[in-house]
Enquirer: 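Provided herewith is a single structure, encoded as structure tokens, for subsequent inquiry.
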Amino acid sequence: MRIAVCTVSLPEWTPEEAVAEVAALGFDGIEWRVADDPGTDGPPGFWRGNRCTLPASTFEQDAARIRELTSAAGLDIPAVGPYARCDDLDTVERLMRGAAALGAPRMRVQVGAPGPEGYRETFARRRDEFRAVADLALRHGVQALLELHHQSLVSSASAAARFLDGIDPRAVGVIHDVGNMVREGYEFDLWSLEILGEHLAHVHVKNAELRPAPGTSPPWSWEWAPMRTGAAPLQRLFDALAGVGYDGWVSLEDFSTEVPLRERLVDGLAYVRELTA
């Protein structure tokens with residue numbers, strides 16, 4: 001099992017700073033965020049003003065430079081994380097060309113939330129669209145990744161298995177993300193991996209916890225938490241991954257802010273190594 005870090009969780013660093021820091025800390029790879037980030041007048045944030053983001057609009061043109069930058073640091077690229085949705089095939093294909101030029105074997109493609117027509121109809125339409133995504137994936141040699149994500153059509157392993165039924169796992173795989181799943185879609189760890197079967201292609205690791213939110217309805221909210229203290233049963237997850245023989249990539253995606261970025265990464269990497277020892 002090899003360990004990478006997602007650059008969405010590195011908002012303070014530029015790509016040049018990130019590869020140097022991530023390599024020095026002992027990670028095996030880096031998973032690049034790809035987006036036309038609108039920026040911010042305030043401090044950099046995970047999803048706005050993130051300095052460690054490759055622009056989607058020039059991704060294909062920038063790929064050779066970023067590939068060299070990453071390789072020179074001794075890091076691999078297990079996947080890239082853009083935000084293109086499956087109903088925008090032109091953008092998906094353009095980003096897949098960039099991923100191929102970057103040397104990334106996998107690329108996230110978002111499925112989105114239910115539309116105004118309701119869950120069932122949206123689910124059926126997105127399945128049709130993902131069949132076209134699968135064709136593009138095989139054409140460009142870049143596996144499309146469907147992320148298990150709260151408040152989406154596929155928050156659980158069971159939903160993803162139903163969504164991808166009949167679609168070639170070489171073309172489309174699933175990102176298992178227990179930090180998202182404890183918020184919505186959690187299924188017992190070993191069972192969730194068995195449900196995904198051959199479609200299990202990549203793993204994100206982060207944590208979250210339920211906190212009181214007085215004055216709101218309901219009076220609680222899910223918030224991102226440090227890797228060691230959140231609600232996700234990470235030891236059980238890694239035991240389950242070993243149990244099904246998973247030997248692929250695990251990407252850390254820590255959105256907690258209790259300690260500085262470098263300290264988060266050091267402890268997150270140490271913790272995952274403890275869990276896999």
Side-chain angles (χ1 to χ4, degrees), residues 1-84 95 98-108 142 145 147 175 177 179 202-207 224-228 248-274:
M1 194 177 296
R2 305 182 72 196
I3 306 172
V5 61
C6 298
T7 67
V8 67
S9 62
L10 312 178
E12 302 163 33
W13 293 340
T14 65
E16 290 77 13
E17 292 168 335
V19 294
E21 295 280 1
V22 167
L25 292 175
F27 284 87
D28 301 303
I30 191 163
E31 184 171 334
W32 291 105
R33 178 182 190 245
V34 180
D36 289 321
D37 193 302
T40 178
D41 294 332
F46 297 120
W47 298 280
R48 189 178 180 93
N50 187 316
R51 295 171 180 163
C52 211
T53 299
L54 308 181
S57 57
T58 59
F59 181 44
E60 191 174 359
Q61 293 84 352
D62 297 339
R65 177 180 65 84
I66 298 299
R67 181 173 186 165
E68 175 57 31
L69 176 72
T70 309
S71 176
L75 297 170
D76 289 328
I77 305 171
V80 292
Y83 296 84
L95 292 169
L102 189 66
R106 303 169 196 88
M107 184 188 96
R108 182 178 63 186
V142 176
L145 294 178
E147 183 175 17
I175 303 173
D177 191 319
H202 194 48
V203 175
H204 282 176
V205 177
K206 55 179 175 280
N207 221 325
W224 301 118
M227 298 277 284
R228 294 179 185 266
W249 283 90
V250 170
S251 285
L252 275 58
E253 196 178 41
D254 190 345
F255 295 137
S256 65
T257 56
E258 284 82 350
V259 299
L261 172 56
R262 187 177 291 103
E263 187 177 337
R264 289 201 301 272
L265 288 177
V266 168
D267 190 59
L269 179 59
Y271 186 41
V272 170
R273 284 178 171 162
E274 290 173 22

Enquirer: Between the side chain of R264 and the main-chain N/O of S256, is any donor-acceptor distance below 3.5 Å?
Expert: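 Checked: pair present.
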Enquirer: To the nearest 0.5 Å, what is the distance between CG (D267) and CE (M227)?
Expert: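 Going from CG on D267 over to CE on M227, the span is 8.5 Å.
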Enquirer: Do the non-hydrogen side-chain atoms of L252 and L265 ever get within less than 4.5 Å of each other?
Expert: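 They are not in contact (no side-chain heavy atoms under 4.5 Å apart), so the answer is no.
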Enquirer: Please find the pair of heavy atoms, one from L10 and one from N50, that lie closest to each other, and give the distance.
Expert: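 Minimum heavy-atom contact is O-OD1, 4.1 Å.
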Enquirer: Is a side-chain donor-acceptor pair under 3.5 Å present for T53 with R33?
Expert: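 The criterion, which ignores hydrogens and geometry beyond distance, is satisfied for T53 and R33.
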Enquirer: Do side-chain atoms of T58 reach the backbone of Q61 as a donor and acceptor pair under 3.5 angstrom?
Expert: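 No; judged by distance alone, with no hydrogens or angles, the pair does not exist.
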Enquirer: Hey, could you give me the CH2/CG distance between W47 and D37, rounded to the nearest 0.5 Å?
Expert: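 Rounded to the nearest 0.5 Å, the CH2-CG separation comes out at 12.0 Å.
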Enquirer: Give the minimum heavy-atom separation between G98 and F59, together with the two atoms involved.
Expert: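 Scanning both residues, the minimum pair turns out to be C-CE2, 3.5 Å.
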Enquirer: Listed by chain and number, what are the ring-ring contact (aromatic ring centres under 6.0 Å, His included) partners of W224, not counting sequence neighbours?
Expert: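 Listed in chain order: F255.
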Enquirer: Rounded at 0.5 Å granularity, tell me how far CG in L269 sits from CG in L25.
Expert: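 Taking CG in L269 and CG in L25, the distance rounds to 7.5 Å.
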Enquirer: Which heavy atom of C52 sits nearest a heavy atom of W32, and at what distance?
Expert: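 The pair with the smallest heavy-atom distance is SG-CZ3, 4.0 Å.
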Enquirer: What's the separation between atom CD1 in I175 and atom CZ in R106, rounded to the nearest 0.5 Å?
Expert: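 The CD1 atom of I175 sits 10.0 Å away from the CZ atom of R106.
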Enquirer: Counting C-beta onward and ignoring hydrogens, is there a side-chain heavy-atom pair between F46 and T257 closer than 4.5 Å?
Expert: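 With C-beta onward as the side chain, the pair touches.
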Enquirer: side-chain hydrogen bond (donor to acceptor under 3.5 Å, both in side chains) with S251: which of K206, H204, E31?
Expert: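 Checked K206, H204, E31 against S251; only one passes side-chain hydrogen bond (donor to acceptor under 3.5 Å, both in side chains): E31.
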Enquirer: Do any N or O atoms from the side chain of D28 and from the backbone of A4 form a donor-acceptor pair under 3.5 angstrom?
Expert: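 No, D28 side chain to A4 backbone: no donor-acceptor pair under 3.5 Å.
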Enquirer: Starting at OG1 of T7, measure out to CD of E253 and round the result to the nearest 0.5 Å.
Expert: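 Here the rounded value is 9.5 Å.
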Enquirer: Check R65 with E16, please: is the shortest side-chain N to carboxylate O separation under 4.0 Å?
Expert: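 Salt bridge: yes.
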Enquirer: Going by the rule side chain to side chain donor-acceptor pair (under 3.5 Å), which residues pair with R2 if we only count those two or more places apart in sequence or in a different chain?
Expert: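 Partners of R2 by the side chain to side chain donor-acceptor pair (under 3.5 Å) criterion, ordered by chain and then number, come out as D76.
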Enquirer: Atom CZ of R262 and atom CH2 of W13: how far apart are they, to the nearest 0.5 Å?
Expert: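 Taking CZ in R262 and CH2 in W13, the distance rounds to 5.0 Å.
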Enquirer: Between R51 and E12, which heavy-atom pair has the shortest distance, and what is it?
Expert: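 Closest heavy-atom pair between R51 and E12: NH1-O, 3.4 Å.
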Enquirer: Looking at A225, is its backbone amide N or carbonyl O close enough to the side chain of N207 to form a donor-acceptor pair, meaning the two atoms are under 3.5 Å apart?
Expert: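 No: the side chain of N207 does not pair with the backbone of A225.
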Enquirer: Let's go through D62 and L54 carefully: what are the C-alpha distance in whole Å and the side-chain angles of both, what is the deciding distance for side chain to side chain contact (heavy atoms under 4.5 Å, CB included) to 0.1 Å, and is it a yes or a no?
Expert: CA-CA 8 Å; D62 297 339; L54 308 181; 5.9 Å; no
Enquirer: Please name the pair of heavy atoms, one in L95 and one in P82, separated by the smallest distance, quoted to 0.1 Å.
Expert: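 Heavy atoms of L95 and P82 come nearest at CD1-CB, 3.7 Å.
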Enquirer: Taking all non-hydrogen atoms of both residues into account, name the closest pair between P43 and T40 and its distance.
Expert: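 Heavy atoms of P43 and T40 come nearest at O-CG2, 3.5 Å.
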